[in-house]
Structure formats: C-alpha cells, structure tokens
Amino acid sequence: MLLSLLVYSLTGASLFFLGWHVNRREQQQLLQGGNNLPFYSWEIILSLLLFAFIAGARYHTGFDHKMYLDQYLNLVKTGEFSRTNFEYGFEWISKLFAWCHIHYFFYFAFWAILQIGFLYFGLRNHKHLLCWVGLGIMCGPFFLSWMNSIRQSVAVCVFVSLIPFIRDRKFLPYVMIVLLCAFIHKSVLILLPVFLIGFIKIRDKAPNRWLLMGIFGAFVLVGSSPFWIDWFTNYQWFLDLTGYSNYGNQCDPNVGGTLRSVNWGISRVSILVTNVLMLYFYPEMKKYFKTDTLLPYFFIMAFIGMCLSNLLINTTHFILRPIDYFIVFYLIMDAYMMVYFIKNKKYALAILLSIVAYSHSFIDVYKMVYIPHYSYQYYLYHFFFIPTL
C-alpha cells in the first residue's frame, strides 16, 4: 500500500512541478519579447522519461499487464505471439523489440512514452495546463486505465493531438493518421465520423449551462436503468469493428449479453461532481479563455464522453471501452477548471475539484487494502525488480 501511495503521489507531484516550471519559464520568456518554448523543452522531456520509467518498471499493475508481459516473453522466446490476432503495427513493433532481445522494461516504457508524448504534444501550446494534466494522469483514473489498455490508450492520446485538424477541417491528414493508428488498435476507426464535429459552429457564444446540464441529466437517468439495451442485443458487429471480439468472450462474460450494474460509489460520484462543475462553469471558462480556439473542441469531446459513459455505464465493459477516446478530455477540462478557479480566486471550488478529480488512485489503493477483491489487486504498484512488495 505504502509503495503505491508513494509512487502515485510523488510521480504526480513531480509531473506537476515540471509542468508548472515549463509554463513559468515560457511566460517569463514571452514577457521579455521571446517566443514560446518548444515542445522538446527539458521539463517536458524529463516528464516523458519519468512517466516512461514508472510505466516500464511496473509489475502486474493494470489488469492486462500480465497478458502483455506473457505475450512479449513468449515472443522473445519463440519469435511468435501465442495470440494471433494483434494488429499488424503493434505486432511488428513488438517483434522488433523481441528480435533485439530488449528487456520488457523498455518495451512497456516505449508504449508509455508514446501515450504521454502524444498527449503533451497535443497540449504543447497550452503549457498552463500541463501541471494539472500531469497530476491528473497519476492521481486521477488515467494511469491505471492506460496501463491496462496499452494499445488503445496510445490511440486515445494521439486523438488529443488531432483536435487542431478537426478545428481547421484538415480532412486528409486527420484520416491518414487515424488509419495509421488502426495498425495499433482497430477501435480508432470509430473516430473517422468525429471529424464532422469540425463543421458544427461550437466556437460562437457559450451554450446555456442549464441546457447542457439538462441533457446530461437525461443521459444519467436513462443510463441508470438501461431497459432499452434489449433492443440492441446484436452488437457483435461493433465488437468486430473495434477489435474487442478478439478477446472479449474470453475476458468478459458480459459480452455474451448479461448486463452489469454499477453502484453509486465514491469514484462514480466524484466523476459526476467533476462533470457537473464542468458543465456549470463552461460558459464562464469560455469567456475567460476567449482566445483559446481549441477549448470548445476539448469541451465537446468531454461532453460526448460524459453523456455516453453515463448512458452505457450499466451495459458491458467492452461497449464502454471506445468511450475512452472522449473521457481523456476530462483530464484536460479538469485542468482548465483548476486554472480558471485559481486565477479567479475561487479557492473553495479549486479545493473541491482537486479532491474529487485527483484522489482516484488513492481511493483505488484503499479499496484493495480495506475492501479486498481480486480485481482490485491490479491497482497496487509493484516494481518488477521487487515484485513481492
């Protein structure tokens, strides 16, 4: 327990400090008539390396880590995966690592540096957000999610860096990169129609907060008792399209049609509180960050995520997985809110948001220690060189 708390908190604090420092240094340079700091600033490079080290050094942290580790070790030993339906890009890269007999630490660190690297690259001109984004990765629900769905999480973070293409309606590069990412995880193909959001006038005046909250409330209400899901029992085509059918039937009996029921626990309530805060204060944030042309697109993606996740929360794990492409924008919108609250001296709201948004890792560790369950053991952090701690 102690090791997990130290790793999550100290890594989050380090990413926070590095993000704060690079933004402070950039602001000082701009005041002196200089230019924005480049993406390869030493603070960002160090952030990427730190995250890669923590992700690479883990041992059975994240539900799928053992599966990926066993697959890689078998690949090193035999030259082939024991599973034959990985995407070609992931397979080729993995075989290159295995052919060079590279230790699995570097293998997992490579995928992790792609995750945080693409996310930070997408925010390279938003360095004022990086401190809160870094803290949110480690202390929010994102680190464990990324360590579980390694391939899809790379594509998720690439999507963040593609938002300017949607804003600027640059169809060709957007489609080319999405298709390229499909060689890592097929589920990214669902993002092709998302490009059409660029044709919606969402950069005009801020929407009515009560309308937003009413729409969101309707999705929460309908999702709380998904009687309607019986109308859509044949969703095998969706699993085939996104690639989840490759392992869904083996890992999750819910894919066979049995719905789950998610309780209103502290984690779910915390996310709901951040969602409500986001919706209520978005009109004010839009005015405050009025020159930020990406904010409306970050918000609409987060809004799609919160509506769909609450609508489908009581269905199955593999139906929810594609929504990760939109849930990642919670991380960014939480950072916007923290900046807005602090700059406008709304300190009570900043404290509330920091508690509900940046405590998930600690809650997960608490669950494992005080509410033991086999599925919670993957919340704990272990180093591969001292896996028994």
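With values rounded to the nearest 0.5 angstrom, Ser267 atom OG is found 12.5 Å from Leu272 atom CG. From Leu48, atom CG reaches atom CD1 of Ile116 across 5.5 Å, with rounding to the nearest 0.5 Å. Interatomic distance, Cys157 SG to Leu162 CG, rounded to the nearest 0.5 Å: 11.5 Å. The NE2 atom of His65 sits 4.0 Å away from the CZ atom of Phe108 when rounded to the nearest 0.5 Å. To the nearest 0.5 Å, atom NE2 of residue His360 and atom OH of residue Tyr8 are 14.0 Å apart. Between the CE atom in Met278 and the CD1 atom in Ile271 there is a gap of 10.5 Å [rounded to 0.5 Å].
Within 6.0 Å of the CE atom in Met176, the count of heavy atoms belonging to other residues, nucleotides or ligands does not exceed 12. Other residues, nucleotides and ligands contribute at most 12 non-hydrogen atoms within 6.0 Å of the CZ atom of Arg24. Enclosure of atom CZ in Phe171 is not indicated, since only 12 or fewer non-hydrogen atoms of other residues, nucleotides or ligands lie within 6.0 angstrom. Heavy atoms from other residues, nucleotides or ligands lying under 6.0 Å from CZ of Phe362 number more than 12. Counting non-hydrogen atoms of other residues, nucleotides and ligands closer than 6.0 Å to CD1 of Ile266 gives a total of 12 or fewer. Atom CZ of Phe199 is surrounded by more than 12 heavy atoms from other residues, nucleotides or ligands within 6.0 Å.
Contact detail for Ala155 and Tyr325: the closest heavy-atom pair is CB-OH, 3.6 Å. In terms of heavy-atom proximity, Val365 sits nearest to Ser4 at CG2-CB, 3.8 Å. For Asp324 against Ser145, the heavy-atom pair with the smallest separation is OD2-OG, 4.2 Å. Tyr379 approaches Asp364 most closely through the heavy-atom pair CD1-O, 3.2 Å. When every heavy atom of Arg209 is checked against every heavy atom of Pro283, the shortest pair comes out as CB-CG, 3.9 Å. The two residues Leu119 and Ile137 have their closest heavy-atom pair at CD2-CD1, 3.8 Å.
Note on Phe86 and Trp99: separate hydrophobic clusters, where clusters join Ile, Leu, Val, Met, Phe, Trp and Tyr whose side-chain heavy atoms are under 4.5 Å apart, directly or indirectly. Residues Trp264 and Phe219 fall within the same hydrophobic cluster, defined by Ile, Leu, Val, Met, Phe, Trp and Tyr side chains chained together at heavy-atom separations under 4.5 Å. Linking ILVMFWY residues whenever their side-chain heavy atoms come closer than 4.5 Å, directly or via other members, places Val160 and Val175 in the same cluster. A single hydrophobic cluster is seen to contain both Ile200 and Leu279, as judged by linkage of ILVMFWY side chains at heavy-atom distances under 4.5 Å, directly or through other members. Hydrophobic clustering, with ILVMFWY side chains joined whenever heavy atoms are under 4.5 angstrom apart, keeps Leu10 apart from Phe385.
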Dump the intermediate steps for side chain to side chain donor-acceptor pair (under 3.5 Å) on Ser94 and Tyr72, then the final yes or no. CA-CA 7 Å; Ser94 299; Tyr72 182 70; over 6 Å; no
Test side chain to side chain donor-acceptor pair (under 3.5 Å) on Thr293 and Arg167; report intermediate values, then the result. CA-CA 8 Å; Thr293 58; Arg167 177 197 61 189; 2.7 Å; yes
Dump the intermediate steps for side-chain contact (heavy atoms from CB on, under 4.5 Å) on Phe289 and His126, then the final yes or no. CA-CA 11 Å; Phe289 298 103; His126 293 72; over 6 Å; no
Give the C-alpha distance, both sets of side-chain angles, the deciding distance and a yes or no for side-chain contact (heavy atoms from CB on, under 4.5 Å) between Trp132 and Asp334. CA-CA 8 Å; Trp132 298 108; Asp334 287 346; over 6 Å; no
Take Arg321 and Ser187, measure what side-chain contact (heavy atoms from CB on, under 4.5 Å) needs, and give me the verdict at the end. CA-CA 9 Å; Arg321 281 280 294 273; Ser187 66; over 6 Å; no
Verify ring pair (Phe, Tyr, Trp, His ring centres under 6.0 Å) between Tyr288 and Phe281, making sure each step is shown before the conclusion. CA-CA 11 Å; Tyr288 183 80; Phe281 286 100; over 10 Å; no
If you apply the rule side chain to side chain donor-acceptor pair (under 3.5 Å), what do you find for Asp292 with Tyr336, and how did you get there? CA-CA 11 Å; Asp292 190 335; Tyr336 272 109; 2.5 Å; yes
Criterion side-chain contact (heavy atoms from CB on, under 4.5 Å) on Leu18 and Ile44, from CA distance to verdict: CA-CA 7 Å; Leu18 291 169; Ile44 294 179; over 6 Å; no
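A donor-acceptor pair is defined here as one N or O able to donate and one able to accept, closer than 3.5 Å; no such pair exists between the side chain of Lys345 and the backbone of Ile342. The main-chain N or O of Lys186 is found under 3.5 Å from a side-chain atom of Glu87 such that the two form a donor-acceptor pair. A donor-acceptor pair is defined here as one N or O able to donate and one able to accept, closer than 3.5 Å; such a pair exists between the side chain of Arg58 and the backbone of Met147. In this structure, the side chain of Tyr340 does not engage the main chain of Lys286 through any donor-acceptor pair within 3.5 Å. In this structure, Gln115 contributes its side chain and Ser153 its backbone to no donor-acceptor pair below 3.5 Å. Panel note: side chain Arg124, backbone Phe121; a donor-acceptor pair is recorded below 3.5 Å. Put simply, the side chain of Thr78 never gets that close to the backbone of Leu75: no donor and acceptor are under 3.5 Å apart. In this structure, Asn148 contributes its side chain and Gly62 its backbone to no donor-acceptor pair below 3.5 Å.
In this pair, Phe110 and Phe97 present their aromatic rings tilted. The plane angle is within the 30 to 60° band. In this pair, Phe384 and His103 present their aromatic rings tilted. The plane angle is within the 30 to 60° band. Using cut-offs of 30° and 60° on the angle between ring planes, the pair Phe90 and Phe81 is parallel. A perpendicular orientation is assigned to the rings of Phe383 and Tyr381, their planes being inclined by more than 60° (bins at 30° and 60°).
Using a 4.5 Å heavy-atom threshold, the side chains of Phe183 and Ile93 count as separate. Within the 4.5 Å cutoff, side-chain heavy atoms of Tyr104 are placed close to those of Leu69. Residues Leu295 and Tyr282 have side chains in contact (heavy-atom distance under 4.5 Å, counting atoms from C-beta outward). Between Phe299 and Leu212, some side-chain heavy-atom pair lies under the 4.5 Å cut-off. Proximity of Phe142 to Ser361: side-chain heavy atoms (C-beta onward) are nowhere separated by under 4.5 Å. Counting heavy atoms from C-beta outward, Ile327 and Ser309 have side chains that approach closer than 4.5 Å. At least one side-chain heavy atom of Phe195 sits less than 4.5 Å from a side-chain heavy atom of Arg169. Side chains of Trp146 and Phe51 form a contact here, defined as non-hydrogen atoms less than 4.5 Å apart.
Aromatic pair Phe105/Phe53: ring centres closer than 6.0 Å.
Tested against Tyr174 for a side-chain contact (heavy atoms from CB on, under 4.5 Å), the candidates Leu191, Ile163, Asp168, Leu179 yield a single pass: Leu191.
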